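In what follows, chains carry the letters A, B, and so on, assigned in the order in which the sequence lines appear, proteins first and then strands, with residues in each chain numbered from 1. All values derive from a computational prediction rather than experimental measurement.
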There are 2 protein chains.
Amino acid sequence: MNLRELSELLGLSQTTVSRALNGYPEVNEATRRKVQDAAALHNYRPNTRAQGLATGRAKAIGHVIPYSTQHEMVNVIFADFIAGAGETYAEHGYDLVMSMVSDENETQAYRDLTQKGSVDGVIVHGPSRNDQRIELLSELGLPFVVHGRSTDVAIEYACVDVNNKRAIERATKLLLDLGHTRIALVNGLERMDFALRRKEGYLSALKSAGIEADPELMRSSEMTEPFGHGSARDMLRLGAPPTAFICSSIVIAMGVRRAVEESDLKLGEDVSVICFDDAISYFPNGDGEPIFTATRSSVREAGRRCAEILLAKIEDPTTPPHQELWEAELVLGRSTGPAPRP
Amino acid sequence: MNLRELSELLGLSQTTVSRALNGYPEVNEATRRKVQDAAALHNYRPNTRAQGLATGRAKAIGHVIPYSTQHEMVNVIFADFIAGAGETYAEHGYDLVMSMVSDENETQAYRDLTQKGSVDGVIVHGPSRNDQRIELLSELGLPFVVHGRSTDVAIEYACVDVNNKRAIERATKLLLDLGHTRIALVNGLERMDFALRRKEGYLSALKSAGIEADPELMRSSEMTEPFGHGSARDMLRLGAPPTAFICSSIVIAMGVRRAVEESDLKLGEDVSVICFDDAISYFPNGDGEPIFTATRSSVREAGRRCAEILLAKIEDPTTPPHQELWEAELVLGRSTGPAPRP
DNA sequence: CCGCACATTCAAAGCGCTTTGGGTAACTGA
DNA sequence: TCAGTTACCCAAAGCGCTTTGAATGTGCGG
């Protein structure tokens, strides 16, 4: 059933039917009612492509996901973000289109997306320092919101980010206050902006305490469980092992915990762990009392918020770039305790 | 730059330009070259919506994701599946569109998708027993592939599934052979077809060994870490605790391990664990020797395969529904050992 | 030199929708 | 009664592409 058929059925023009359904005022309420009923009855839904072609809007938001053996973009965190954003899209009648592209084609992918007109805007994931995509997108004039931030970018852009530096600074401070001096940082890939900022926070807290950072206690990589495990295992074998770990993700923390337990050490006693908890739905940080002491900020909520900001920007392109910086809460769990006596 | 502009620029008709770019034979090779060069130079990309409207194909595959507080569809496993499917889509020039819908609207969502013509086909996720979506989709004539299977569905449909029953049957058998008799099953939601089949495998193996299933040793829920943890903790407190666990997911297994360690028991000695390992990229089952003994089947590979089958079906609608049943491999890790002497 | 086949190219219709720019009829006030 | 509104509805253009059907030019055998 398309518009023409429906209008013929009703003995009305396409114009009137279209207007009736889209809530325009210049149509009699009785007529509108009739049209709506008929539309519902025949399960009429306007063809998106035709509608898009006519209006110039795609009613869809793009998420460009580079795939490579280097870095897994489609991960646990991403999944939760998508879930949050997706709900918001749904509420506003937008679709989510994911474009997987091999890394080297990412730039082209944004160009294509704009040219092909298949989306009204995009979300930028996993910004690195001085991320080129931001400049590209503003140049292309495609509305976008960055999940995270990018240091050293001159342009004003919309984003939602957690105060990563502050969060990890506080976490480190807490461990220092508990008497720990050998504190390890098991971080995400340091070309990611969030990882850089977290490292800054870590370093800054150590510095304030007059402690020199030990390169042996800092690792960064893809945030998987085995990475956490391997890092902790190696570090715990050092001559002067750390008594505390800061992990950039709960997934890493789970790996660290495994290594701790394998070494017959007790979490929260012999070794303290604080992680950054993105409140991932499949890895809630315990059901009652949190397992890990953590800096917490819901990535799902971030997804929702990014979507809202982007949609607002699309509805009214004159809105200035909206930046939002969230403070993570520091919640106490069972994984931290005073530094063990030497 | 659109087709008209490009053709005017070249002094050719839109017809010729379109044909040149789409590889039709009735255009002079020299002309084609010129057109292609100009297109590349001006970064011309046909507008998807217009193209879709003209051809009747959307060049996009839909994934309908119900969101509810009941069940998290967008999870770790889903993310990896999407990654696999997405790569295949990309290779074939297809986009992936995700529609989030509240549960109760799922049926309508498929209807809408068909009507709106925004996708050429869909993937059905997480089929339950006698899943209504299958009938609906064949009725609607929208090509689809099911990831998993649905017991009690009369219609022939395309799917890619793992032999869940057989896999868990073998896993249970292994534990029985190792001398375990109190074997727990920590399963996914039993309205999911895969969970049902796994339970069948579990029960069938127990039965063959003449062991009666104990309801206290069977749990099923959303497959989160805390669920695994809680289940194992409770069961280990029983008068006759299990000496082995079968977990429907590596995520559950991680929770079980936590509970085991909290009880000061040793994994692979006091308690054995076998899990179903979907080879999720963020939770590889160890880097060298697997952590968990596991029945393994890559969900990402399944994503790829589902996509291929679906695209083939779309290219040639006459292809009969292709069903594919994979056997999971049973790989030995460090989490299993002989049953402890009582 | 003619007629025919073939190779190229083009104009125009159509995909299903929105929206512009009228129309027509009914209603208003003088 | 009549001009001026107002309310309602419509025909047609246009979004950017593909594709049908026709036109043009070219080369060939006769």
Quick one: does any side-chain atom of [X] pair with a main-chain N or O of [Y] as donor and acceptor, under 3.5 Å?
| X | Y | value |
| --- | --- | --- |
| A:Asn130 | A:Ser150 | no |
| B:Glu5 | B:Asn2 | yes |
| B:Arg45 | A:Gly117 | no |
| B:Asp278 | B:Ile280 | no |

Relative to the ring of A:Tyr157, is the ring of A:Phe144 parallel (under 30°), tilted (30 to 60°) or perpendicular (over 60°)? parallel
Using a heavy-atom cut-off of 4.0 Å across all strands, would you classify B:Thr15 as base, sugar-phosphate, or nothing? base
Describe the nucleic acid contact of A:Ser18 in one word from base, sugar-phosphate, nothing, applying a heavy-atom distance below 4.0 Å. base
[Y] versus [X], side-chain donor and acceptor atoms under 3.5 Å:
| X | Y | result |
| --- | --- | --- |
| A:Asp161 | A:Gln323 | no |
| A:Thr16 | A:Ser13 | yes |
| A:Asp193 | A:Ser128 | no |

Output the rounded distance in Å from [atom1] ([X]) to [atom2] ([N]).
| X | N | atom1 | atom2 | result |
| --- | --- | --- | --- | --- |
| A:Arg4 | C:dC17 | CZ | P | 9 Å |
| B:Leu53 | C:dA13 | CG | C1' | 13 Å |
| A:Met1 | C:dC17 | CE | P | 11 Å |
| B:Leu6 | D:dT18 | CG | P | 12 Å |
| B:Asn22 | D:dC17 | CG | C1' | 9 Å |
| A:Gln51 | D:dG14 | CD | C1' | 16 Å |
| B:Leu10 | C:dC10 | CG | P | 10 Å |
| A:Gln115 | D:dC17 | CD | P | 8 Å |

Give a yes/no answer on whether the side chain of [X] brings an N or O atom under 4.0 Å of OP1 or OP2 in [N].
| X | N | result |
| --- | --- | --- |
| A:Tyr24 | D:dC9 | no |
| B:Tyr44 | D:dC17 | yes |
| A:Asn47 | C:dC15 | no |

By side-chain hydrogen bond (donor to acceptor under 3.5 Å, both in side chains), which residues pair with A:Asn105, not counting sequence neighbours? A:Ser102
Hits for side-chain hydrogen bond (donor to acceptor under 3.5 Å, both in side chains) against B:Glu104, two or more places apart or cross-chain, chain-then-number order -> none
Taking only nitrogen or oxygen atoms into account, show me every contact under 3.5 Å that the protein makes with nucleotides 6-9 of chain C, one pair per line with its distance.
residue: C:dT9; atom: OP1; partner: B:Thr31; partner atom: OG1; Å: 3.0
residue: C:dT9; atom: OP2; partner: B:Asn28; partner atom: N; Å: 3.2
residue: C:dT9; atom: OP2; partner: B:Thr31; partner atom: OG1; Å: 3.3

Any side-chain heavy atom of A:Gln115 within less than 4.5 Å of one from A:Arg111? no
Quick check on the helix from C:dC1-D:dG30 to C:dA30-D:dT1: what's the angle between its two end axes, five base pairs per end, to the nearest 10°? 60°
Mind checking ring pair (Phe, Tyr, Trp, His ring centres under 6.0 Å) for B:His147 and listing every partner two or more places apart, or none if nothing turns up? B:Phe81
Residues in residues 89-97 of chain B with a heavy atom under 4.0 Å of DNA chain D, by number, are none
Nearest-neighbour nucleotide for the B:Gln14 side chain, D:dG16, D:dT18, C:dC17 considered: D:dT18
